[in-house]
Amino acid sequence: MRTRLANFMIGRNGSDNLSRFVSVVVGIMILVAAIVGGSVSSMLWIFIVAGLAYCYFRIFSRDYNKRREENMRYLQFKSEFLSYFHGAKERFSQRRDYKFFRCPSCRAMLRVPRGKGKIKVVCRKCGASFVKKT
Ligand SMILES: [Zn+2]
């Protein structure tokens, strides 16, 4: 049975970060659906089934490159999302003296002193510049 499954999975994408994430979300939705019940839960089941279908589609997909690209996009989004929360506490404590912007071209977080009027902000990561009021 184990070798059969292994043979079946040859050339297929298998489980990756994105499908693991989707399966966790599906698991949470199943729990919520079980707790709340009623019409909310029947609506949730649509998403649960769709999420599971998507998960299995990705795991058994033979288009490895495309799935890997999706996984990379997911990982990048995740790290951006986490970094946003990571610096949030520090930004909050500095909010009196500094203003924070996201670079429009590379999404890096930029810090500029407050009360300088309209200034040109130059991104230290990618060099793009934009005008902002501080
Ligand atoms: Zn930038």
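Bear in mind that the values here come from a model prediction, so they are computed numbers and not experimental data. Indexing begins at 1, ligand by ligand and atom by atom, following the structure's order. Heavy atoms only: backbone and side chains are in, while hydrogens, waters and symmetry mates are out.
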Practice task
Would you give the length of the straight line joining atom CE of Met43 to atom CE of Met29, rounded to the nearest 0.5 angstrom?
Solution key: 10.5 Å

Exercise for the section: State, yes or no, whether a side-chain contact exists between Leu18 and Phe77 at a heavy-atom distance under 4.5 Å. Expected result: no

Problem - Members sharing Leu110's hydrophobic cluster (side chains within less than 4.5 Å) - result: Phe101, Val112, Ile119, Val121, Phe130

Handout entry: For the Zn ion (ligand 1), every protein N/O/S atom that sits closer than 2.8 Å, waters excluded
Key = Cys103 SG, Cys106 SG, Cys123 SG, Cys126 SG

Problem - Ring-face cation of Arg12 near Phe8 (centre distance under 6.0 Å, axis angle within 45°) - result: yes

Exercise for the section: Using the six-membered ring wherever Trp is involved, compare the ring planes of Phe100 and Tyr98 and label them parallel, tilted or perpendicular (cut-offs 30° and 60°). Expected result: tilted

Exercise for the section: Taking only Lys NZ, Arg NE, NH1 and NH2, and the carboxylate oxygens of Asp or Glu, determine whether Lys66 and Glu69 approach each other closer than 4.0 Å. Expected result: no

